[in-house]
Structures are given as C-alpha cells and as structure tokens.
Number of protein chains: 2
Amino acid sequence: MSKKIPTRLYLTEDEIPKFWYNLRADMKDKPEPILHPGTLQNATAADLEGVFCKEPVKQELDDTTRLVPIPDGLQEFYKAYRPAPLIRAYFLERALGTPAEIYYKFEGTNTSGSHKLNSAGAQAYYAKEEGLTSLTTETGAGQWGTAMAMACAFYGLKLTVYMVKVSSQQKPYRKALIETYGANLVPSPSLTTDSGKKILAANPDTGGSLGCAISEAIETAVKTDKCRYVLGSVLNHVLLHQSIIGQETKAALEKYDIKPDIIIGCAGGGSNLGGLISPFMGEKLAGKSKTRFIAVEPASCPSFTRGRYAYDFGDTAMTTPLLRMYTLGNGFIPSANHAGGLRYHGMNSVLSKLYKDGYLEARSEVQTDVFDAAVSFMKTEGILPAPESSHAIKVAIDEAMECKRSGEKKVILFGLTGTGYFDMTAYMAYNDKTMSDHVPTDEELERGFASIPDIPQNK
Amino acid sequence: MSKKIPTRLYLTEDEIPKFWYNLRADMKDKPEPILHPGTLQNATAADLEGVFCKEPVKQELDDTTRLVPIPDGLQEFYKAYRPAPLIRAYFLERALGTPAEIYYKFEGTNTSGSHKLNSAGAQAYYAKEEGLTSLTTETGAGQWGTAMAMACAFYGLKLTVYMVKVSSQQKPYRKALIETYGANLVPSPSLTTDSGKKILAANPDTGGSLGCAISEAIETAVKTDKCRYVLGSVLNHVLLHQSIIGQETKAALEKYDIKPDIIIGCAGGGSNLGGLISPFMGEKLAGKSKTRFIAVEPASCPSFTRGRYAYDFGDTAMTTPLLRMYTLGNGFIPSANHAGGLRYHGMNSVLSKLYKDGYLEARSEVQTDVFDAAVSFMKTEGILPAPESSHAIKVAIDEAMECKRSGEKKVILFGLTGTGYFDMTAYMAYNDKTMSDHVPTDEELERGFASIPDIPQNK
C-alpha cells in the first residue's frame, strides 16, 4: 500500500464496469426458488411476464450466468451520472482518532438522490427495447419514484407512479420533482383502479400504504396495452442491476491495492447492500478473502435480526409470487415514528440465504443513534446523508472505534446510498429532540408473523 | 480534436489547481477602487478589517498578484468535494439536434448545492488561521448560509446566520439544514441587535430583507470579540476564490484540446460568472483567444442590461463601502413573483468594468423561458438545476439552436452553479402554470436609480 490514496478514488469513464455480476452463479447453495402463490410450484418466466418486463424476468430466474453484459444503450445512461465517487473518509477518521481506514461509496450525486437510479435506468431501457410505451410503479418515500421518472424521461416512456397518499401530502416537493420529470403521479388509493376504489369504499379516509399502491400499479399495468410494472428493490434482477455499485467499488479499490476487512450496508429490501457486496462476497465464497459483511437494519423493522426464514408474499395485499426470505410477515407495519425508508417486511432472497448460511452478519440500530452518527458524519465529511444510509454510518463508526480500542488498522468500507434533502423533517425532529425510538415487542412481532402464509414449505 | 471525449471530463486529485487566478492583475484597465462612504477616498485595509477577515481584505485590494496560492489547509477542504465534474452535454445536444458541442461545469454535487462553498471554505479557513472563534453572515434563499454552516462545522468555528425572516418561514428545510450543521440561525429582523430592534419598532410585521439581515450580521460581528462578518458574492476576494471553477474547467478542457467559443454564466452578484470566466478572460485580454462571454441575468433584475455604471452601496441599508458597478440602485427590489436568487441590485466591479469595456456581453431572460429551458435540460441530462443556473442553460440552448440554423460546430461552455432541491415551490408554480413574468417598467427602474448616492464621482 505504498500508493498515496486520494480523497476521491475515481475511475475513468473507460473503467466503468461493462458487466453486472450475478452472485447466484457463484453460490454453491443457491437461494430458494420463487413460488407461484396458487400452485406453490416454482414460478416460470410465463408466470412473471404478464406483470414484469421480459429481460428482467429472465434475469430474475437466471442463477447460472456469472457476468451479465450491460447493454450499450444503458451504459450511455450510466455515464450521465457514473462513476459514483468512492471516498476515503480522511476527515471522519481524524475526528474519531481511529487507526482504521474508512471508505464509502457515494451513490447520492444524481438528482434522484440514491442508488435507485441504477435499476430504474435498466428497467426503463429494457421496457423501451421490448417495445413497451408505458410503465407503472409505486413509491413511498419517493426515491424510487423519482429514479423511475428520470429514467422514463430519458428513454421516452410514459410513467404512472402510485404514491402512498399520506406521503404525497407530507412530501409535496418529492411529488413535484416526480411530476416535473413528466410522470403522472396518482396519490394512492385512488379512484383510477378497482383495488383503489374497493379500499376507498371500505375506508374513505385512509392515507394509503405501499401494499395498496403496489396493487394499483400492478392492476393498471396488467390492464394497459404495452405497459408493465416495475419494482425497485427485493427482487433478484434489481440486485443484479445494483451490482454496478460493487463492481465499480472493487475496480477503484484494486487500483490502489486496497482490500476491505469489513463491508457495511444498510438493508431494507436489500438491493443496495446486495449490489455493494456482490463481487466481494463472490471472492469470499471462493475462499479468496476473509472480508466480513454487515447488514444494518432499523431496530423498528428488524427482518434479519428478529425475522423468520420463510416463504412470504412480497406485498401486503398478498398478490405477488412467494419469496423465501427473512420476513417479519407481510402484515408487519413499522411504528409510525420510524423516519425514512428501510421499512420493508422482508429481505431479498440471495441475502437471506447468505445470512442463513453464516456469510453475512446483521445488526439493528435505533434511529436516535443513527441520527447521532449522521450528524457526526455530515459535520466532518460535509455530506447530508439519507436516514437509510446513516444506518451504515453508525456501524462503520462503531467498527472504527473498536479499532481505536484494539489498535487494529482495519479497512472499513460502507455504502452511502443517498442524500437527505427530502428528509429534513426527520432532521428537525432530531434537532429539537422530539425524535423517539421504537423497538417492537415480541407480541408485535408475533402479530406480523401470523400473516406469513401457512403452506407446506413453511412447516 | 482526435481524442474521444468522455461524458464527464474529470481531473485527478493531483490535477486540482493549487492557485486562484486574479484576473485584475491582467487587466490593463483596472476596475475602479472601493471608496470609503464617509470620506469618498479609496478604502484602505484598515477601513475594511474592522468588519472583514484580514487575508480576504488583502485579497480584496490586491489587483497585481496574478496567481494566489490556495493554502494547504484549504486544499484539503476542496478535496472533500472537488474536482467538480465538467460534463459534455451529449444528451442535450442530441435532443436539440445541434452540431454544437455543449459542456457544463457542475458545482452542485456538494451538500450546500452550489458553488458558494468555494468561498465559504476559504473565508472560514482564513478566519480560523487569524485566530477568530466565530463569524456572522446573512442569507436569503439559503445557499450561502448552508455553505458557511458547512465550512464552519469543518473548521470548528461558531456561526450566526441572519436569515431573511420570510425566507426562513417559506424554507423551513433550508433553515433546518443550516441548523443541523450546527449554526445559530436567527430570523431577521430580530431583537438580538439594535438595527433589528429599530426596524421591528417601526414595522413589527415586516418579513425582513437582505439589507436588514446584512446590517444585523455586521453589527453582531463588530460587537463580538474575535468575530468577523463574511459575504458570499459581489466582492473581489469572493471572485478570486471562485476562480477555482474556471481554473479547473480550463485544466480539464486542455486535457482534451478543447477551446470554448462561447462561455455563459448566470449573474447575480457575479461570483460564479466571474469565477468561471476569469482564466479564459485572461487569455482574451492577452489577445490569445476570441472567446465570447455572455452574462445572463433575470429580466426582473437587469443590472447589466438596464442598470447604470455608478458608485453605489453594496447593501440597501447604505452601510458598506461604495463600489463602482452596474447597479439598479441599492433601493431596487425585484418583483415578488421572481423565483430563486439573482436578485441583487448591483454587480461585481471587475465584471462591471469588463462589460463597460466591451469584453463581456449580457442578456436578460424572463423566468418562464428560463424554466422551459430548465425542464428540457433535466429531462435529457438528468440534473435538477437551480433556477439561477437555468438562466445560463436558456442562453446555452439558444446559442446551440443558432448553430443548428447556421450549421456551425461551436464549442459552448456554461456554468451549472447548483441544484434546485430547495426550489420545488418555483417548479410547482411552473408546472401548474401559475408562474408569471415581470419586466420592470422604466418608471420602476427610475425609482431604484434615485437611491444611487449623489456624489461627485457619479456626475
């Protein structure tokens, strides 16, 4: 390690990876297959293609192709905002007085403010190639909706975004941003779909939910000519697209002969964590590295640390195929005081399998500790982190302080998935000390577990 | 031009310029000196040091040193967010169908969201070096206040930001961001200063003004031990710090043998425009290039295109030294429907001199046209531009379309100073077509001109 390490370790445009890495190909013990919810048989491409675009379905089911070429027309899109900077946290290290080296991959320099754009671009590209003219999706906090609106503007596709109604009211600027990119934003539940109408008839004053927004988006996709539905996390093809994060990071670190001892990422549905760790995990599975991997989740939504490994629906309306994953039950709802994302009940099935087999560790953190870490970070490194990303910061700081105690000079890498520009309400609550924590009781968890389907595979 | 030009033309960390460029040193006809408002004699360092930090005062008055070294302790700060990307607008070019090559220097990837951080870092660094413990400033829209809060957090200085009261109410998230970085934010006018008390006594319901906030910030700086006042635009030392923009841009273009035919920047107080064009203008003054330079200002605040070249106060409270500049009069207030910044009545004196002597062109644009350009840009290039920056986009598109008509393959460069995350209210008004334009009448301008001081130098 004789080379001087700059603050920002950039790749040139020519060095941007031209392949996604499909970790499943290198897993001897594969993640378990998706099941059709009616037949409980392995889902086929035909089962999924009515809802999703063709090429992503192929990628979803492909657990053998190791390197998947990124199409030229998508590489062009990636060049508009990539490579994302890999940053040496010199200032944070100094403030902590740690002998550890800390690096973070920053995915928040694009306007969507997060890594979500990596898969949004891919899914819009494939939809265009397939000859579709429009897409539908749902969004909660709004990062995914923004990313899809940007990608559809770029590729010339119409987009309808069902945004959880209460979120569209609480975040009018997020809504406005999505609309400015030209998307049709519908607060959900709405009168534009049967499922929306049904929910509104039963509960006219509801603020909506992600599950309901998904149902409306899928219904519209299925009923509209040349239209499909896109999803921003959880699924394996999303993880594949997000492997660009890890591919870039690994390429940049290798230019300086840096090998991470610990890699840390926040985990909601798992797409960012999975994308960051994939190529590094591949080396570990091959016995070529002893890197530790840590998933960080909110204590208020602890799917890894307190969930069950079972087949469950991806949505709360129980319409999707069944995924084998760590889950709190599709009926689990994080407490209302939880700020930011990472509120999904389940976890991508590749990551779930790795966790089950002991390759991946997990920790849960309460949000006031997470915001403490966020503010330490922003005052030294200068970047306003998203609440989600700050979970990874918290554990990176903990590990760096452990190095300070032990005197070890470990190399710590974490994913800084996005910025907090649209999360200032949470920062305000933190600043004026009205932010509180909630750790679900065992009884609350049991209520969630009760929604996990009672099928033979779960016995 | 045989080299393939990437979408993003990055410099390595080692290539980040280590010197600011002081354009005044290469001007045969210098900008006119600052005057003490009482004596009407040339202002001295001693006159200015009671309010401003020492090194910036030295820089303010130095019109002979060509290259000013950027101190090591500040280079370190710059490395946290620089080099700023220089981007080839391939997608915008394609959408316009123009033979022109379009480039933009994007200063919005740091959390303050704009170029303001370049001078904020410098001024905080010098304050720390001088042994000061705190600073004061004012902010309107909030970009400068955020930048100073970030810089003071980094260098360990206390900061009080007087934020125009109506702006602090309309932009609670901007306020929260500044506070999260640890600054003390005071809505102005306030009861913390004599000038604030006086204004509130006369007009208890006032929403405040930038002039009033400046008065409060200066009063507090002067009355506090080891404290000075900092300003984010208009002055020559700010222009000097911002020359890092032009220095970096020139270095990146030279790596690819690119010579701009036209350079375009938005102009409020002039710091971004001056910073971007300085090294290129130096070549033009030396007869080494025929580059055209275009300042773009809002039609609602047209200091270049409709202002007078006269000595005027920098603030509406008429407390600052007198600056020779294009001015609408310190009493001029842009109409209330004007969105975003660029609402300053005057213009940096270096730029004013260049405009007067014919080296710099200027255009004014109405805001609905500016937002049309912003939305075309964001749908192709993916970046949400600040309303200020979008003035430059508008003229860049006009020039590119002129090339389409003439068939000329010109090289167009513009400054994309920042992002519009905190300007969504303006985008919402644009989207729902409630945004309107206002071009001041001659009578309105005359009322502003009446506030220009009646001194011998203005005869």
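Chain letters run A, B, ... following the sequence lines, proteins first and then strands; every chain starts at 1.
Summarising the geometry of A:Tyr427 relative to B:Thr180, their closest heavy-atom pair is CD2-CG2, 3.7 Å, with the distance given to 0.1 Å. Here the shortest heavy-atom pairing between A:Tyr173 and B:Gln170 reads OH-O, 4.4 Å. Across every non-hydrogen atom of B:Met428 and A:Ala176, the tightest pair is CG-CB, 3.2 Å.
Within residues 77-88 of chain A, the residues having any heavy atom less than 4.5 Å from a heavy atom of chain B are, in residue-number order, A:Lys79, A:Ala80, A:Tyr81, A:Arg82.
Note on B:Glu381, B:Met150, B:Lys175, B:Arg94: by heavy-atom pairs under 4.5 Å with chain A, the leading option is B:Arg94. Of the listed residues (A:Asn431, A:Thr12, A:Thr380), the greatest number of heavy-atom pairs within a distance under 4.5 Å of chain B belongs to A:Asn431. Chain A forms more heavy-atom pairs under 4.5 Å with one residue of B:Thr111, B:Leu384, B:Val375 than with any other, namely B:Thr111. Ranked by heavy-atom pairs under 4.5 Å with chain A, the list B:Leu117, B:Ile383, B:Asp432, B:Asn110 is led by B:Ile383.
Heavy-atom contacts from other residues, nucleotides or ligands closer than 6.0 Å to NZ of A:Lys158 number 12 or fewer.
Checking side-chain atoms of B:Tyr181 against main-chain N and O of A:Gly382 turns up a donor-acceptor pair under 3.5 Å. A:Glu13 contributes a side-chain N or O that, together with a main-chain N or O of B:Thr7, makes up a donor-acceptor pair within less than 3.5 Å. At distances below 3.5 Å, not a single donor-acceptor pair connects side-chain atoms of B:Thr109 with backbone N or O atoms of A:Thr109.
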> Is there a side chain to side chain contact (heavy atoms under 4.5 Å, CB included) between A:Tyr90 and B:Glu76 once you walk through the steps?
Replying inline: CA-CA 10 Å; A:Tyr90 279 117; B:Glu76 182 188 71; over 6 Å; no
> How far apart are the C-alpha atoms of A:Met424 and B:Leu177, what are their side-chain angles, what is the distance that settles it, and do they pass the side chain to side chain contact (heavy atoms under 4.5 Å, CB included) test?
Replying inline: CA-CA 7 Å; A:Met424 291 316 300; B:Leu177 181 56; 3.9 Å; yes
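Heavy atoms of A:Asp423 lying under 4.5 Å from chain B are absent altogether. Residue contact with chain B, scored on non-hydrogen atoms closer than 4.5 Å, is absent for A:Tyr430.
Judged purely by distance below 3.5 Å, without hydrogens or angles, the side chains of A:Thr419 and B:Tyr421 never pair a donor atom with an acceptor atom.
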